[in-house]
There are 2 protein chains.
Amino acid sequence: MTKQINVKSTILYGVSMAILLFLLKWLELRFVVFNHLFEIYAGIISIVFMVLGAWLMYHFQQRKQEKENARKEMVAIPELGLSQREMEVLELMSQGFTNQQIADKLFLSIHTIKTHGSNLFVKLDVKNRTQALIRAKELEILE
Amino acid sequence: MTKQINVKSTILYGVSMAILLFLLKWLELRFVVFNHLFEIYAGIISIVFMVLGAWLMYHFQQRKQEKENARKEMVAIPELGLSQREMEVLELMSQGFTNQQIADKLFLSIHTIKTHGSNLFVKLDVKNRTQALIRAKELEILE
DNA sequence: AACACTTTCATACTTTAGTATGAAATTACG
DNA sequence: CGTAATTTCATACTAAAGTATGAAAGTGTT
């Protein structure tokens, strides 16, 4: 789990650096031709990297939130074999979110959420999300 | 509260722009002196604005979270005008029954249950039954 | 390396939930 | 009695939920 995130982060970082280098190289070339347009380039770079920074922070925050939630749930899990993701989905279901909203929050496809949903319904021996919440409360694996 | 945030945002924005302008001016000056250090400046700008972007997004996310929490606590309205039947339907919904099952229990058509459902969702200001249960518990009109 | 488990995504389908609208019968109350 | 609110039912629709099945890739363990 953690490793997967690290891999993703590494790739993300690599891509970012590649873009940066490419940008610098390209700008260097442009610089030779039009060396009086520095401000424009500076502006472009500013915008690009501000967006990049914002994007990175956004995803960082989301992951932080996920981990936060995950930790909350990690406390009391009996022998039901609910995986971490399934717990996360269950948690968000219990907060009244639709499958689509959960998918958006976790950066996943709605198909994936439905899969997790079906699987955890089987494990909880229920037929729908409402019953799942009741069961989860009974088993004290939520709240 | 909201105004205060807006003021903060405005100040923040102003400061950001001031820094940007100052930076550009400063860089312009440097540019005249050392026009062969473009990459360094580009790098600096990149870093500065990536940090700025990240910082802005961080605060944006924080505020979003605050609003989210504020909205949750805003509830507390006991007089909702839920009718008797609507309460019955809500009660059975909270026990995990489907509309069809509720209809069978109350010897009613499933259409009627859906009508009651829709009506009570409006009164509770929610979108679906899961949220209705959450709201009902918040308002302590169940259990 | 082999294996079990998890996670992700997809297609195709069925079922359930929910909305909009209208209407008729019943009940409660001034 | 008349009026408003409740309760019931219906049709027709859209949206969401849930199932079945398969597949690919990553993770962790032995």
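Every chain is numbered from 1 and lettered A, B, ... according to where its sequence line falls, protein lines coming before strand lines.
Checking C:dT19, D:dG18, C:dT7 against the side-chain heavy atoms of A:Lys114 singles out D:dG18 as nearest. Side-chain proximity of A:Thr115 to the nucleotides D:dT19, C:dT8, C:dT11 is greatest for C:dT8. For A:Ser83, the side-chain atoms get nearest to C:dT7 when compared with the rest of C:dT7, D:dC9, C:dA17. The side chain of B:Gln84 sits closest to D:dT7 out of D:dT7, D:dA10, C:dA10.
In this entry the distance linking CG of B:Leu90 with P of C:dA17 reads 15 Å, nearest Å. One atom, CD1 of B:Ile113, and another, P of D:dT8, lie 8 Å apart when rounded to the nearest Å. Taking atom CG of A:Leu106 as the reference point, atom P of C:dT8 lies 8 Å away to the nearest angstrom. We find that CD1 of A:Ile110 is positioned 11 Å from P of C:dA10, with the value rounded to whole Å. The separation between B:Asn99 atom CG and D:dA17 atom P is 14 Å, rounded to whole Å. Rounded to whole Å, the distance from CZ on B:Phe121 to C1' on D:dA15 is 13 Å. Taking atom NE2 of residue A:His116 and atom C1' of nucleotide D:dA17, one finds them 16 Å apart after rounding to whole Å. Distance, B:Glu86 CD to D:dT8 P: 10 Å, rounded to whole Å.
Here the side chain of B:Glu86 pairs no donor or acceptor atom with the backbone of B:Leu82 at under 3.5 angstrom. Between the B:Gln131 side chain and the B:Val126 main chain, no donor and acceptor come within less than 3.5 Å of each other. A donor-acceptor pair under 3.5 Å is formed between the side chain of A:Thr115 and the backbone N or O of A:His111.
Annotation: cation-pi pair A:Lys105/A:Phe97 present, NZ/CZ under 6.0 Å from the ring centroid and within 45° of its normal.
Within the 4.5 Å cutoff, the side chain of A:Thr130 has no heavy atoms near those of the B:Gln95 side chain. No side-chain heavy atom of B:Lys137 sits under 4.5 Å from any side-chain heavy atom of B:Leu133.
Taking B:Asn119 as the reference, nothing meets the side-chain hydrogen bond (donor to acceptor under 3.5 Å, both in side chains) condition, with sequence neighbours excluded.
Taking side-chain N and O atoms only, B:Ser109 has no distance below 4.0 Å to OP1 or OP2 of D:dT8. Remark: A:Ser118 is not in phosphate contact with D:dG18, judged by side-chain N or O atoms under 4.0 Å from OP1 or OP2.
For the pair A:Thr98 and B:His111, nearest-nucleotide mapping onto DNA chain D gives the more 5' position to B:His111. When each of B:Leu108 and B:Asn128 is assigned the nucleotide of DNA chain D with its nearest heavy atom, B:Leu108 is the one assigned upstream, toward the 5' end.
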DNA chain D base-pair string [pairs: Watson-Crick or G-U under 3.5 Å; |: paired with another strand]: ||||||||||||||||||||||||||||||
